[in-house]
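Worksheet: one structure, shown below.
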Amino acid sequence: MPRLFRRIKEIRGFIKDIKCGGNNVSVGLVPTMGYLHEGHLELIRLSKLQNDLTVVSIYVNPLQFGEGEDLDRYPRDLDRDLALCEEAGVDVVFAPDDEEMYPEHPNVKIEIPGLTDRLEGVYRPGHFNGVAIVVLKLFNIVQPNKAYFGEKDYQQLKVVERLVKDLAIPVETIPVPTVREEDGLACSSRNVYLSPEERQSASSIYRSFLLAQKLFQSGNTDAETLKQAIREFLLKHPHVRKIDYVEITDENLNPVNEVKEGDRILVAVFVGNTRLIDNWRISHEKV
Ligand code: PAF
């Protein structure tokens, strides 16, 4: 079983003792909100390859949920997560409660103009403020050498990378490619909300990326045309109820008009009542 810590003071003491041992132990942090899936396990596998000690944090961070979002029903099962962590060879799990993480509501606000106010930031105001606070706090508590983030949450990854750069935080962020189910749906803890029929329609997101990539590969580089093709394709599927956005940007999330290799398609789509986000790196590679 991994060592389980619920208190900041205790995990801090543990990490301090390990690092003070003088044998340069490297620590990898995998921050999660629990209900672990194959995407998280991939982050853990990489951390284990690259570090002496792997810490997984499990905390459903209320600060990153807006009003009317799914904070209360977000799936939680610590025993299941601990069993998966044990199987994956995780050394330490840090699973604080709200009282431990936020004895007082944090008053600090973190914004990165041009980054936190786009895409998800428009539809989920305050979301990245909450993500930034919890990630910085976890970095301060665990003091990892490396921290692992899935490309599935591409904007989140960019926000964390920017924080690390702007604030000279001594943590290397490691981006990890999105893990997909057999039919292409990106692994996400929120996939459990989907009914079997919705689950089938949800794979249209991946297929819309392939369609856009095919158009690109046949010489169509107009972003508007690709976005329109994606929208039309998605809305043809039952249960695809609403599209918050379909955007094509460069790798730093600046919207583009002319699409080139390495640009990203980013989408947020409601399938039934479940809001799914996903993204795709456009390339000339055959899939
Ligand atoms: O990606 C997530 O699961 C969360 O946003 C994170 C990084 C663990 C912060 O709560």
Side-chain angles (χ1 to χ4, degrees), residues 5 8 11 27-44 46-47 54-66 69-78 80-81 84-85 88 90 92-98 100-102 105-106 108 110 112 115-116 119-121 123-142 144 146-164 169 171-180 186-193 253 266 268 274-279:
F5 293 100
I8 294 173
I11 187 169
V27 176
L29 171 66
V30 179
T32 81
M33 297 208 297
Y35 216 72
L36 303 180
H37 51 66
E38 210 28 64
H40 296 119
L41 297 178
E42 187 66 20
L43 307 181
I44 292 169
L46 199 56
S47 173
T54 290
V55 179
V56 171
S57 64
I58 297 178
Y59 177 58
V60 181
N61 172 36
L63 284 192
Q64 68 189 77
F65 289 77
E69 291 187 5
D70 56 343
L71 173 61
D72 291 340
R73 67 179 190 127
Y74 196 86
R76 294 162 169 90
D77 190 340
L78 186 59
R80 173 185 175 276
D81 288 341
L84 286 170
C85 282
V90 170
V92 171
V93 169
F94 176 50
D97 61 16
D98 291 341
E100 185 67 12
M101 275 310 261
Y102 304 123
H105 187 84
V108 64
I110 301 168
I112 308 173
L115 191 50
T116 53
L119 301 165
E120 284 302 284
Y123 291 88
R124 305 184 69 192
H127 170 67
F128 289 119
N129 175 56
V131 170
I133 290 174
V134 82
V135 168
L136 292 180
K137 197 153 181 172
L138 289 168
F139 283 2
N140 282 332
I141 295 166
V142 177
K146 292 185 168 72
Y148 296 78
F149 294 88
E151 287 186 356
K152 148 89 171 43
D153 296 302
Y154 189 73
Q155 193 174 3
Q156 166 174 285
L157 170 68
K158 292 288 138 180
V159 167
V160 175
E161 284 177 350
R162 191 67 208 226
L163 284 173
V164 164
I169 299 167
V171 175
E172 191 185 342
T173 49
I174 309 288
V176 181
T178 304
V179 177
R180 297 183 180 279
C187 292
S188 162
S189 307
R190 289 190 167 98
N191 290 351
V192 294
Y193 297 153
L253 291 178
L266 298 109
T274 305
R275 187 173 183 280
L276 299 174
I277 62 169
D278 199 354
N279 69 87

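In listed order, ligands and their atoms are each counted from 1. Bear in mind the structure is a predicted one, so any value in this text is a computation, not a measurement.
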Taking all heavy atoms of [X] and all of [Y], pick out the closest pair and write down the distance.
| X | Y | value |
| --- | --- | --- |
| Pro175 | Glu151 | CB-OE2, 4.0 Å |
| Val108 | Asn129 | O-OD1, 3.8 Å |
| Tyr59 | Pro96 | CD1-O, 3.4 Å |

By number and element, which atoms of ligand 1 are closer than 4.0 Å to a non-hydrogen atom of [X]?
| X | answer |
| --- | --- |
| Thr32 | 8 (C) |
| Val134 | 9 (C), 10 (O) |
| Gln64 | 4 (C), 5 (O), 9 (C), 10 (O) |
| Pro31 | 8 (C) |

Taking N or O atoms only and a 3.5 Å limit, does Tyr59 qualify as a polar contact for ligand 1? no

Would you say ligand 1 has an N or O under 3.5 Å from any N or O of Gln156? yes

N/O donor-acceptor pair under 3.5 Å between Glu38 side chain and Cys187 backbone: no

Indicate yes or no for a side-chain donor-acceptor contact from Asp77 to the backbone of Arg80 under 3.5 Å, with no hydrogens or angles considered. yes

